[in-house]
Amino acid sequence: DVQLQASGGGLVHAGGSLRLSCALSGFTFDHYAIGWFRQAPGKEREGVSCISSSNRSTYYADSVKRRFTMSNDNAKNTVYLQMNSLKPEDTAVYYCAARTPSGMAPCLVPLRIGMDYWGKGTQVTVSS
């Protein structure tokens, strides 16, 4: 049974940092892409970043470039989102999701394309 579990959210002051984790379980796929998404109250879900197991490429939305970094630890089956220089506008519920095609799994734009599995979110609140 494939599951994704996001954790690591919390309350932080503007300029601070948080590291989110997405624990993957039941993953037996040769190729997959993991995306981070966020949804603020009253707004649509937004794709934030993506990492591909196929070509190890990463993608970041313009709003988080040079502030957020994705990485993965295969031994722990966990993907991370390091968030630095946080801003109040980063406040949202953050979700991780996976795309698991039969072939190669590059990150696609928009990131939500083909995401097969979604985890429950973790709240990130940035105070000004």
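Treat the numbers as computed from the prediction; the structure is a model and nothing was measured.
Atom OH of residue Tyr95 and atom CZ of residue Arg38 lie 13.5 Å apart, to the nearest 0.5 angstrom. One finds the CD atom of Gln5 at 8.5 Å from the OG1 atom of Thr122 (value rounded to the nearest 0.5 Å). To the nearest 0.5 Å, atoms OG1 (Thr58) and NZ (Lys65) are separated by 10.0 Å.
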Ignoring hydrogens and angles, write down the donor-acceptor pairs under 3.5 Å from the side chains of residues 6-29, residues two or more places apart or on other chains.
unit_1 : atom_1 : unit_2 : atom_2 : d
His13  : ND1    : Ser127 : OG     : 2.9
Ser17  : OG     : Asn84  : OD1    : 2.9
Ser25  : OG     : Gln3   : O      : 3.4

Could you list the donor-acceptor pairs under 3.5 angstrom formed between side-chain atoms of residues 99-108 and any protein atom two or more places apart in sequence or on another chain?
unit_1 : atom_1 : unit_2 : atom_2 : d
Arg99  : NH2    : Pro106 : O      : 2.3
Thr100 : OG1    : Asp116 : OD2    : 2.8

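With contacts defined as side-chain heavy-atom distances shorter than 4.5 Å, the pair Tyr60/Thr69 qualifies. Residues Tyr80 and Met70 are not in side-chain contact: their nearest non-hydrogen atoms beyond the backbone lie 4.5 Å or more apart. In this structure, the side chains of Val79 and Cys96 stay at 4.5 Å or more apart for every pair of heavy atoms.
Panel note: side chain Thr78, backbone Lys76; a donor-acceptor pair is recorded below 3.5 Å. Judged by distance alone, with hydrogens and angles left aside, the side-chain atoms of Arg67 form a donor-acceptor pair with the main-chain N or O of Ser85 at under 3.5 Å. When atom types are taken as modelled, the side chain of Asn72 and the backbone of Asn74 share no donor-acceptor pair closer than 3.5 angstrom.
Taken together through direct or relayed side-chain contacts under 4.5 Å among Ile, Leu, Val, Met, Phe, Trp and Tyr, Ile51 and Val109 form parts of separate hydrophobic clusters. Placement of Val48 and Ile34 within a single hydrophobic cluster is found when ILVMFWY residues are connected by side-chain heavy-atom separations under 4.5 Å, directly or transitively. Taken together through direct or relayed side-chain contacts under 4.5 Å among Ile, Leu, Val, Met, Phe, Trp and Tyr, Val64 and Val126 form part of one hydrophobic cluster.
Among all heavy-atom pairs drawn from Gln123 and Thr125, the shortest one is NE2-OG1, 3.3 Å.
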Stepwise ring pair (Phe, Tyr, Trp, His ring centres under 6.0 Å) test for Phe68 and Trp36: CA-CA 11 Å; Phe68 290 11; Trp36 281 100; 9.8 Å; no
Test side chain to side chain contact (heavy atoms under 4.5 Å, CB included) applied to Val124 and Met83, step by step: CA-CA 10 Å; Val124 171; Met83 305 187 297; 3.9 Å; yes
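Between the side chains of Ser53 and His31, no donor N or O sits under 3.5 Å from an acceptor N or O.
The salt bridge (Lys or Arg N to Asp or Glu O under 4.0 Å) search around Arg112 returns none, not counting sequence neighbours.
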